[in-house]
Asks: 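Quick one: this structure, given as structure tokens, is what I'll be asking you about.
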Amino acid sequence: MVSASWNRSLRARVDPEGSAPPLVYGPAELREVRSAHPLAAVVPTLHRILDSAVDASAQLFIVTDADGRILWREGAAPVRTAADRVLLTEGTQWREDTIGTNAMGTALATGQPVQIYSAEHLVHAYHTWTCAACPITDPDTGRMLGTIDVSGQQDSVHPAMVQLVSAAAELAEQELRVRMMVADQRLREHRLPDLHRLGGQPGALLSQSGRVIATHRREDCPVTLPERVDTSHGSGRIDLGGGVHGTLEPLPEGWLLRLPRPTARTAPRSTARTPTGSTPAPRPRTGGAPDATGPLALHLLGPDSPVVRLGGRRLPVSLRHAEILALLALHPEGRTAEQLALGLYGENGNPATVRVEVHRLRAQLGRRVLLTRPYRLADAPDCDLLRVRARLAAGDVRAALAAYRGELLSRSEAPEIRAVRDEVAATLRTSVLELGDSDLLWQLACRDLGREDVAVLEALATALPRTSPRRASAVQRLNALLAADG
């Protein structure tokens with residue numbers, strides 16, 4: 001890895017003897033750039049995580065943007081002074097093509113956590129320094145936002161620094177994900193009336209980045225929306241593919257997408273006649289899968305999940321098959337094997353493995369229930385997860401809380417399942433807290449989601465009268481939590 005980085009740096013004509021990082025931002029410009037950067041929201045969290053480790057080991061805590069420019073730098077005065085001497089300062093740029101191999105620039109170049117020790121730096125001036133950095137990715141767009149870095153003199157380095165910055169980056173991405181979910185819910189709450197006012201015309205609410213947040217569509221709508229719509233050209237007519245065009249309208253928090261109205265179609269009449277009083281002959285069975293009938297019901301929330309019923313009959317399913325059904329329920333337009341592999345296993349997923357699992361699941365459910373090309377459910381299932389999400393999208397927090405029986409497939413480690421699990425829990429919790437209704441707060445506090453949540457218990461103690469037994473219970477639990485946390 002270091003050798004490849006040196007080769008990139010030398011091809012960019014970085015001088016190992018005399019290169020210095022360029023100063024890109026002055027103090028006034030730096031303040032403006034910081035305030036507008038997405039990582040500004042998580043810098044306090046990163047500081048809390050790394051503060052004690054940085055102070056104890058005489059290190060610098062650094063956050064850069066995606067172009068390697070240092071936006072934040074904190075640390076003890078002696079190490080800041082040493083860093084100033086080698087221009088390891090706010091506003092300078094640390095890409096590989098400007099200052100050679102270094103943890104921040106190499107993490108940006110490779111997309112991986114990196115530790116660069118002493119003489120592994122290309123430029124000789126940094127041979128007394130050791131740095132560990134990890135990139136931070138935007139959970140909304142998937143783009144790299146920047147890096148978090150810990151740098152110090154080589155005699156103060158700790159071997160676990162790369163693991164520490166990796167953990168901090170993961171927590172930062174999780175906080176960004178929760179903030180994204182809260183913003184999505186706020187968009188739904190504020191702008192669903194705009195969507196409903198379309199009447200018979202289908203449409204969708206989009207985030208600022210073009211993610212589809214909510215839809216209003218008819219079954220005969222010819223458009224299958226992707227997860228994200230390209231909004232880079234701004235408002236106006238937009239090509240949705242397949243010769244279909246929509247119209248984008250800007251909203252304060254995102255976009256309203258108007259889809260074309262379905263055209264009336266007349267089904268062709270059959271020329272075949274059935275003799276009076278007779279019953280049409282059934283179509284012949286074509287092979288291996290059972291000819292299952294009846295509605296599909298999925299119970300995916302709570303400690304007793306998963307439960308799958310087809311036509312009222314309970315079917316035994318593995319956790320992996322339940323995960324596949326959950327993803328297909330979440331994506332009624334269908335998923336390819338590659339998309340399912342990404343959702344189930346992450347970037348290392350194997351589509352061939354997914355095809356085998358779907359084949360087994362299809363043999364159990366029937367060919368008329370689970371369709372192919374792409375893999376999809378023939379009909380929308382009766383699914384507790386979809387009910388909770390729909391009620392949250394409609395702003396009916398009370399009904400959503402009543403339908404929420406617990407976490408989505410709590411034993412699942414599939415990346416997309418974990419993300420949806422966190423999204424639903426965070427959106428429900430935030431919605432209850434924002435309403436401030438004491439009855440809803442009490443219901444939340446009686447569930448695993450809010451039982452040991454300090455913010456929920458504090459809100460409940462504030463909302464209830466002092467004479468309420470519920471308030472006494474909440475205060476007692478709150479004090480016990482705070483005492484346990486020191």
Side-chain angles (χ1 to χ4, degrees), residues 215 217-220 224 267 274 278-335 337 340 343-344 354-394 396 398-412 414 416-417 420-421 423-425 428 443 447-449:
T215 58
R217 54 183 301 168
R218 292 164 42 173
E219 292 182 359
D220 54 353
T224 299
T274 302
S278 66
T279 302
R283 286 192 297 175
R285 295 274 301 276
T286 56
D291 191 11
T293 58
L296 178 66
L298 305 177
H299 179 88
L300 305 175
L301 301 177
D304 55 343
S305 67
V307 175
V308 176
R309 297 184 186 276
L310 185 60
R313 179 170 59 93
R314 180 166 178 167
L315 302 178
V317 293
S318 66
L319 177 60
R320 180 62 76 203
H321 286 177
E323 291 167 342
I324 292 171
L325 287 170
L327 295 182
L328 295 179
L330 287 164
H331 299 282
E333 73 280 6
R335 299 272 88 177
L340 284 175
L344 293 171
V354 171
R355 292 187 185 98
V356 172
E357 292 292 346
V358 175
H359 176 75
R360 292 170 179 164
L361 179 59
R362 195 167 182 235
Q364 187 177 13
L365 295 177
R367 298 176 184 273
R368 297 184 184 179
V369 177
L370 206 168
L371 309 179
T372 60
R373 298 182 183 178
Y375 297 127
R376 63 198 188 280
L377 297 175
D379 298 301
D382 177 17
C383 178
D384 52 0
L385 169 64
L386 299 185
R387 282 197 298 275
V388 171
R389 283 167 60 100
R391 286 163 185 172
L392 284 172
D396 191 349
R398 186 175 299 277
L401 184 60
Y404 183 79
R405 300 299 180 187
E407 289 186 329
L408 167 65
L409 297 176
S410 58
R411 294 184 292 115
S412 172
E416 188 171 352
I417 297 294
V420 174
R421 179 195 302 154
E423 172 206 335
V424 172
L428 182 59
Q443 292 181 45
R447 298 169 183 247
D448 289 342
L449 181 58

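This structure is a prediction, so every number in the text was calculated from the model and none was measured.
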Asks: Restricting to non-hydrogen atoms, name the atom on L300 and the atom on S305 that form the minimum distance, rounded to 0.1 Å.
Replies: O-OG, 3.3 Å
Asks: For the residue pair L408 and V424, establish whether any side-chain heavy-atom pair is separated by less than 4.5 Å.
Replies: no
Asks: Give the intermediate values and the outcome of side-chain contact (heavy atoms from CB on, under 4.5 Å) for residues V307 and R314.
Replies: CA-CA 7 Å; V307 175; R314 180 166 178 167; 3.5 Å; yes
Asks: To the nearest 0.5 Å, how far apart are CG in L409 and CG in L319?
Replies: 6.0 Å
Asks: Any side-chain heavy atom of R398 sitting closer than 4.5 Å to one from Q443?
Replies: yes
Asks: Checking R387 now: which residues fulfil side-chain hydrogen bond (donor to acceptor under 3.5 Å, both in side chains) with it, not counting sequence neighbours?
Replies: D382
Asks: Can you tell me if R447 uses its side chain to pair, donor with acceptor, with the backbone of L401 under 3.5 Å?
Replies: yes
Asks: Should E333 and R376 count as side-chain neighbours, where that means a heavy-atom distance under 4.5 Å?
Replies: no
Asks: For L428 and Y404, which heavy atoms make the closest approach, and how far apart are they?
Replies: CD2-CG, 3.5 Å
Asks: Would you please name every residue forming a side-chain hydrogen bond (donor to acceptor under 3.5 Å, both in side chains) with D396, sequence neighbours left out?
Replies: none
Asks: Could you tell me if the side chain of E416 sits less than 4.5 Å from the side chain of R421, heavy atoms only?
Replies: no
Asks: Would you check if Q364 and V317 make a side-chain contact, meaning some heavy-atom pair closer than 4.5 Å?
Replies: yes
Asks: Can you name the nearest heavy-atom pair linking A414 to R320, along with the distance?
Replies: CB-NH1, 4.4 Å
Asks: R368 and A378: which non-hydrogen atoms are nearest, and at how many Å?
Replies: O-CB, 3.1 Å
Asks: Might you point out which heavy atoms bring V420 and L330 nearest each other, and give the distance in Å?
Replies: CG2-CD1, 3.9 Å
Asks: Does a side-chain heavy-atom distance below 4.5 Å link Y375 with R355?
Replies: yes
Asks: Of the options L371, V358, L370, L298, which is the one that meets L328 in a side chain to side chain contact (heavy atoms under 4.5 Å, CB included)?
Replies: L370
Asks: Partners of R389 by side-chain hydrogen bond (donor to acceptor under 3.5 Å, both in side chains), sequence neighbours excluded?
Replies: E423
Asks: Can you see which heavy atom on A326 is nearest to which on I417, and at what distance?
Replies: CB-CD1, 3.8 Å
Asks: Working to the nearest 0.5 angstrom, can you tell me the gap between L449 CG and R405 CZ?
Replies: 13.5 Å
Asks: Could you state the interatomic distance from CD (E323) to OG (S412), rounded to the nearest 0.5 Å?
Replies: 3.5 Å
Asks: Among V356, V369, I324, find the one that has a side chain to side chain contact (heavy atoms under 4.5 Å, CB included) with L361.
Replies: I324
Asks: Using side-chain heavy atoms (C-beta onward) and a distance below 4.5 Å, is L325 in contact with L377?
Replies: yes
